[in-house]
Amino acid sequence: MASTTDTETDSTPSRAQSSPVPHPERDWMGSTLSAHEKASPKAAPAATPDAATVEGVDVSNYQGSVNWTSLWNKNVRFAYVKATESTTYTNPAFSSQYNGAFKKGMIRGAYHFALPDKSGGAEQADFFLRNGGAWSDDGKTLPPVVDMEYSPYGAPCYGKTKAQMVGWIKDFSDRVKSGTGRDPVIYTSTGWWKSCTGNSGAFASENPLWVARYAATPGELPTGWKTHTIWQYTSTGPVVGDHNRFNGSLSALKALAKG
């Protein structure tokens, strides 16, 4: 993921961070994929001229100051910003990134990097909701996201059984739904989902899917989901690295924001 400099970002002071997690600044959406799955980081989506898609990005403290104008000029229309990790880390660049995307006219949302071995799903959801994970029906705020991927610090499935992992995700999802009225989007790869949840179909009817696969197509989806909502297709895109496609039109993206 490439860092960038921007003179237009919001000047809101960064929030302090306090965390025993070794390197939360290096934990972002997809940061663990290359170590576990075959991927083409410079992948580009196969040409689908008739498909309605919207370009988006996801960012974290790794990028720091983001050139939102450059992204807008590259037709990026939505952004997700890392807000929290576990129950001890808040992204110090969250306010400037979240507000910077909004001021440029993008629809934006927040995500939580889950560490299921550190605390319960409901506890991490509460921390997320208190530190940027809230949702409002303003048409410019996308549903909250939980990032479920390989552990950056140990066992890929965080030492949990498949049933325990499904339970953890359910606890997180239920707490977010109760706090916001929205089912959180689940970000994951099909490989991780199969290995760590047993390819559970428990969430497909309610939670939108954000699938990570650095290739020409999204490929096989986890059980139950007939389609993806967002696809992270590369970690080496322009300006910020992580680029995504919303599976639908801009009006459909706005409808997702409205709930």
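A distance of 14.0 Å separates CH2 of W193 from CD of E220, quoted to the nearest 0.5 Å. Here the CG atom belonging to D27 is positioned 7.0 Å from the CG atom belonging to L115, to the nearest 0.5 angstrom. In this structure, CD on Q97 lies 9.5 Å from OG on S95, to the nearest 0.5 angstrom. Rounding to the nearest 0.5 Å gives a distance of 10.0 Å between CG of N75 and OG1 of T53. Taking OG1 of T197 as the reference point, atom CE of M165 lies at 8.5 Å (rounded to 0.5 Å). Taken to the nearest 0.5 Å, the CZ atom of R182 stands 10.5 Å off from the OG atom of S136.
Shortest non-hydrogen contact noted between E149 and L33 is OE1-N, 4.4 Å. Annotation for V239 and S70: closest pair CG2-OG, 3.3 Å, computed over non-hydrogen atoms. A pairwise comparison of heavy atoms in V54 and G248 identifies CG2-O, 3.5 Å as the closest pair. Nearest heavy-atom pair, A134 versus T180, reported as atom, atom and distance to 0.1 Å: CA-CG2, 4.4 Å. Across all their heavy atoms, S96 and A93 have their closest contact at OG-O, 3.1 Å. Nearest heavy-atom pair across G139 and K258 is CA-CD, 3.4 Å.
V240 and F102 fall into different hydrophobic clusters, defined by Ile, Leu, Val, Met, Phe, Trp and Tyr side-chain heavy atoms under 4.5 Å apart, directly or through other members. Residues L221 and V146 share a hydrophobic cluster, clusters being chains of Ile/Leu/Val/Met/Phe/Trp/Tyr side chains in contact below 4.5 Å.
In this structure, K82 fails the cation-pi test against F94, since its NZ or CZ atom is not both closer than 6.0 Å to the six-membered ring centre and inside 45 degrees of the ring normal. For the pair R213 and Y233, the cation-pi test (distance below 6.0 Å, angle within 45°) is failed. Annotation: cation-pi pair R77/W72 present, NZ/CZ under 6.0 Å from the ring centroid and within 45° of its normal.
Put simply, the side chain of V185 does not reach to within 4.5 Å of the side chain of T229, judged on heavy atoms. Inter-residue side-chain proximity for T236 and Y214 is flagged as unmet; no heavy-atom pair is nearer than 4.5 Å. Residues D183 and V176 form no side-chain contact, since every pair of their non-hydrogen atoms from C-beta on lies 4.5 Å or further apart. Under the 4.5 Å side-chain criterion, counting only non-hydrogen atoms from C-beta, L256 is in contact with P143. Between H36 and P156, some side-chain heavy-atom pair lies under the 4.5 Å cut-off. Inter-residue side-chain proximity for W28 and F113 is flagged as unmet; no heavy-atom pair is nearer than 4.5 Å. Contact of the N244 side chain with the E55 side chain is not registered, since no non-hydrogen atoms from C-beta on lie closer than 4.5 Å. Between N131 and Y89, the closest side-chain pair of non-hydrogen atoms is not below 4.5 Å.
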task = For salt bridge (charged side-chain N to carboxylate O under 4.0 Å, His left out), just list the numbers for K160 and D117, CA-CA rounded to whole Å, side-chain angles, deciding distance to a tenth of an Å, and then say yes or no.
result = CA-CA 8 Å; K160 293 195 174 292; D117 57 341; over 6 Å; no

request  = Kindly determine whether K194 and K162 satisfy side-chain contact (heavy atoms from CB on, under 4.5 Å), including the steps that lead there.
outcome  = CA-CA 9 Å; K194 285 181 174 181; K162 295 174 175 64; over 6 Å; no

Residue pair M148, W192: steps toward the side-chain contact (heavy atoms from CB on, under 4.5 Å) verdict = CA-CA 8 Å; M148 304 302 307; W192 184 90; 3.7 Å; yes

task = Please step through side-chain contact (heavy atoms from CB on, under 4.5 Å) for the pair L142 and R108, ending with a clear verdict.
result = CA-CA 6 Å; L142 290 162; R108 82 288 193 241; 5.9 Å; no

request  = Before giving the answer on side-chain contact (heavy atoms from CB on, under 4.5 Å), spell out for Y111 and N91 the whole-Å C-alpha distance, their side-chain angles and the decisive distance to 0.1 Å.
outcome  = CA-CA 11 Å; Y111 79 86; N91 172 13; over 6 Å; no

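Between the side chain of H243 and the main chain of P238, a donor-acceptor pair closer than 3.5 Å is present. The backbone N or O of K177 sits nowhere less than 3.5 Å from a side-chain atom of D174 that would complete a donor-acceptor pair. Here the side chain of Y98 pairs no donor or acceptor atom with the backbone of V81 at under 3.5 angstrom. Looking only at distances, a side-chain donor or acceptor of W168 sits under 3.5 Å from a matching main-chain atom of S119. Between the W231 side chain and the R245 main chain, no donor and acceptor come within less than 3.5 Å of each other. Checking side-chain atoms of E85 against main-chain N and O of T90 turns up no donor-acceptor pair under 3.5 Å. Under the 3.5 Å distance criterion, the side-chain polar atoms of Q63 are matched with a main-chain donor or acceptor of S60. Side-chain N or O atoms of N207 include one that pairs as donor or acceptor with a backbone N or O of P184 at under 3.5 Å. A donor-acceptor pair under 3.5 Å is formed between the side chain of Q232 and the backbone N or O of M29. Under a 3.5 Å cut-off, the side chain of S86 and the backbone N or O of T88 do not form any donor-acceptor pair.
Here W210 and Y80 bring their ring centres to under 6.0 angstrom of each other.
Sorted by first then second residue, the ring-ring contact (aromatic ring centres under 6.0 Å, His included) pairs that include residues 119-139, not counting sequence neighbours, are H112-F128.
Note: H23 and Y153 have tilted aromatic rings, judged against thresholds of 30 and 60 degrees for the angle between ring planes.
Taking a 6.0 Å sphere around NZ of K170, one finds it holds 12 or fewer heavy atoms contributed by other residues, nucleotides or ligands.
For the residue pair T223 and N199, a side-chain donor N or O sits within less than 3.5 Å of a side-chain acceptor on the partner.
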